[in-house]
Amino acid sequence: MLDRLKKDIETKLFNSEAFAGLTLPAVEFAPAPEHTKADISLTWALSAAKVLKKNPLEIAKAAAKIITEVSGVVEATSLAPGFINLFLEDTFICEGAQDRRLKDRAKTGENKERMLIEFVSANPTGPLHVASGRGASLGDSLVRIFNAIGTPCDAEYYVNDSGNQAELLGKSLRARTLGQEPPENGYHGDYLVDMAAEIKDKCEGWTDKEFSNYAIETMLKLHKEDMKNFNVEFNRWFRESELYAENLPQKALDFLTANKQTYEADGAVWFGTSKEDTGDDKDRVLVRKDGRPTYFLADIAYHKNKYDRAYTKLIDILGADHHGYVPRMKAAVKALGKSEDAFLPVIHQLVHLIEGGEKVKMSKRSGRFIMLRELTEDVGADVCRFFFASRTPNAHMNFDIDLAKKKTNENPVFYVQYVHARISSILSAAAAKGLVESERLPSTLAPQERALLLKLIWFKQILRTCAKDLSPHHLTAYLIELASLFHSFYDNCKVLDDTNPALSAQRLLLCQRVAERIKKGLEFVGVSAPEKM
RNA sequence: GCCCCCAUAGCUCAAUGGAUAGAGCACCUGCCUUCUAAGCAGGUGAUAUAGGUUCGAUUCCUGUUGGGGGUACCA
């Protein structure tokens with residue numbers, strides 16, 4: 001709906017006598033600030049002024065006059081230094097609120113983009129911890145949002161089931177079954193003690209490999225459960241061992257070598273990542289002195305495989321502790337012949353857990369950390385998901401465990417969910433009275449109704465912003481604002497009024513529209529929309 | 001040392017380079033005979049610091065201070 005208005009305005013503006021034939025910036029909408037009392041704000045005149053080298057206020061004045069003629073607009077006003085404010089017709093707002101399509105038209109049809117987001121990808125050497133929750137929240141929300149707005153997008157989890165750490169895990173588990181401490185660099189967490197107890201009777205004569213396999217499969221099963229409980233879905237759990245089964249690391253190496261991207265030194269095979277102008281500070285080893293491939297080579301093979309599976313754009317969601325990995329992967333993608341925008345790494349900063357006013361250190365090796373499962377069980381998946389989604393990825397996040405455990409209703413997620421519960425309650429009350437919703441929204445809008453409906457119109461735009469910024473935090477902010485407007489409406493406007501069945505039916509429709517958006521929005525964040533609270 | 005991220009209200013978070021910096025929680029004052037008070041109305045309260053660019057800076061650039069992370073032939 002806003003798209004249509006934008007287009008109408010551009011058409012009228014760019015064909016007008018004042019602006020025809022000029023190269024002009026595109027029109028962008030923003031919600032108008034409170035004090036202006038307007039609905040939509042444009043800074044178009046300010047940016048046009050730069051291009052045209054003219055007085056912005058003069059441009060705004062001329063443009064406002066033209067925009068006032070656009071259908072749906074009651075009036076456009078200009079304001080120093082060059083703002084244009086739009087006042088919309090109530091009918092336009094109602095029509096907009098009724099338009100529930102989310103798919104970006106520009107992206108349907110001939111658009112062939114296929115996106116793959118890889119996230120979490122934690123080693124199956126221990127339980128998932130809280131930091132994985134942040135990546136999971138971020139990745140899952142983005143997948144849902146991209147699909148909703150018309151960009152096909154899949155979710156994938158990379159399982160490192162090969163290599164040193166897998167071996168070490170097997171050795172650690174064997175040691176535990178013998179009542180011994182794990183090897184020096186092994187895994188000391190209690191979970192292996194528990195696992196050892198479970199297999200005590202059947203593990204006699206197992207090889208290290210069998211111990212390793214058992215431990216990995218068991219951990220992987222737990223990871224899958226954790227993700228399910230966290231409302232996170234993956235299209236595929238891709239195993240590193242699948243790469244080796246098809247000899248893909250070797251093939252990737254051959255590909256790079258054929259393109260003269262590799263060299264030998266000190267008995268190892270190297271990739272010149274630092275020469276690629278990607279910011280890497282040194283070259284990286286692909287094949288060790290002893291002939292074994294590195295993790296990096298396998299990962300190059302994995303990314304090549306993703307492209308070979310016809311994905312056009314890859315998003316990797318990584319924790320800040322892996323940010324140093326990005327330059328070399330960018331270099332690799334370039335060496336694979338892909339453009340820069342075919343690989344988008346998203347780094348999310350670490351989650352700091354605070355308990356008793358102190359930071360809780362997390363360490364996978366020591367086994368002293370807070371598990372995602374623990375947190376989910378304590379505060380609920382809804383609260384966790386909403387909390388993680390609310391923060392922009394590249395900022396640190398503090399998670400106060402005491403607060404989360406004791407006073408969970410301090411979390412804004414309840415404020416949003418409550419809207420859905422309230423509306424559900426109204427809907428069932430209406431059903432009990434035999435009242436059916438109207439086909440149209442109220443013709444004359446109370447201020448609270450108007451503000452609420454106007455907010456609904458922005459929904460699609462918010463999703464696009466999330467997609468552009470690769471973060472769902474705009475959405476949670478929006479949902480809180482929408483919730484606030486509904487609660488205000490609820491207090492001022494009685495929905496079910498026996499003396500006015502027509503208005504009741506219209507407001508019933510309004511409630512349905514709000515509930516739909518709240519539910520949809522929460523769904524993108526991976527949060528439930530309860531009917532009762 | 002070098003590289004990356006961050007600093008906004010008492011707390012947790014917002015703000016495509018725009019207008020008088022918004023919310024939730026906490027605190028203070030009112031509001032349940034009425035569709036759920038997990039709510040509403042009102043109040044208190046913030047851009048670490050010094051410069052620069054700009055018509056306009058919380059936002060971009062530089063310095064300073066403070067915090068987090070990274071710097072493997074580990075994954």
Side-chain angles (χ1 to χ4, degrees), chain A residues 28-30 32-36 41 43 46-47 49-50 55-56 79-83 85 121-123 125 160 162-166 168 185 240 266-270 279-282 284-290 292-296 298-299 319-327 347-350 352 359 387 390-400 403 407-419 421-430 433 461 465 468-469 473-474 476-478 480-481 483-484 486-492 494-497 504 507-508 511 532-533:
Chain A
E28 300 288 347
F29 288 161
E34 185 79 29
H35 69 272
T36 61
S41 164
T43 52
L46 290 162
S47 40
K50 264 186 190 149
N55 183 341
L79 232 91
F83 293 107
N85 293 322
S121 299
N123 290 335
T125 50
N160 306 127
S162 313
N164 286 342
Q165 298 202 5
L168 212 44
N185 292 323
E240 188 182 359
D266 304 326
V269 181
W270 296 72
D280 204 2
D281 53 351
K282 56 175 288 195
R284 304 291 167 177
V285 171
L286 297 176
V287 182
R288 297 180 182 93
K289 216 184 304 189
D290 62 11
R292 291 180 306 141
T294 58
Y295 171 87
F296 182 41
D299 210 19
D321 51 342
H322 287 85
H323 82 261
Y325 191 70
V326 169
I347 310 295
H348 65 81
Q349 297 301 313
L350 302 184
H352 299 137
K359 243 166 216 163
F387 184 81
S390 299
R391 187 70 158 134
T392 173
N394 57 359
H396 304 266
M397 174 180 256
N398 291 320
F399 203 121
D400 188 327
L403 199 68
K407 312 181 186 176
T408 52
N409 49 345
E410 285 182 12
N411 194 300
V413 67
F414 297 107
Y415 186 77
V416 177
Q417 287 181 316
Y418 190 49
V419 170
R422 272 187 150 175
I423 294 177
S424 297
S425 175
I426 294 173
L427 295 183
S428 48
K433 291 184 179 185
Q461 185 118 330
T465 307
K468 180 173 72 69
D469 289 354
H473 79 275
H474 301 285
T476 56
Y478 171 85
I480 292 169
E481 289 165 13
S484 172
F486 177 79
H487 287 313
S488 179
F489 157 79
Y490 181 92
D491 257 55
N492 283 282
K494 179 106 174 145
V495 176
L496 303 179
D497 181 355
S504 297
R507 286 185 168 165
L508 212 48
C511 284
K532 279 184 185 166
M533 286 177 74

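Quick note: numbers below take in every heavy atom, side chains included, and nothing from hydrogens, waters or symmetry partners. Just so we're on the same page: letters track the sequence lines, and every chain starts at 1.
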Which part of the nucleic acid does [X] contact within heavy-atom distance under 4.0 Å: base, sugar-phosphate only, or nothing?
X	result
Ala268(A)	base
Ser41(A)	base
Asn398(A)	sugar-phosphate
Asp299(A)	nothing
Ser390(A)	sugar-phosphate

Using only side-chain N and O atoms of [X], determine if any of them is under 4.0 Å from OP1 or OP2 of [N].
X	N	result
Asn164(A)	rA75(B)	yes
Arg288(A)	rA75(B)	yes
His322(A)	rC4(B)	no

So if I take every side-chain heavy atom of [X] and compare against [options], which nucleotide ends up nearest?
X	options	answer
Pro33(A)	rA19(B), rC4(B), rC73(B)	rA19(B)
Thr294(A)	rU16(B), rG69(B), rA75(B)	rA75(B)
Asn85(A)	rA19(B), rA75(B), rG69(B)	rA19(B)

ask   = For the base of rG70(B), is there a side-chain donor-acceptor partner from Lys282(A) under 3.5 Å away?
value = no
key: Stacking check His396(A) vs rG69(B) (5.5 Å / 30 deg)   = no
request  = Please work out whether the ring planes of Tyr295(A) and Tyr325(A) are parallel, tilted or perpendicular, with thresholds of 30° and 60°.
outcome  = tilted
inquiry  = Please encode protein proximity along nucleotides 35-46 of chain B as a string of B, S and -, counting only heavy-atom distances under 4.0 Å.
reply    = BBSBBSS-----
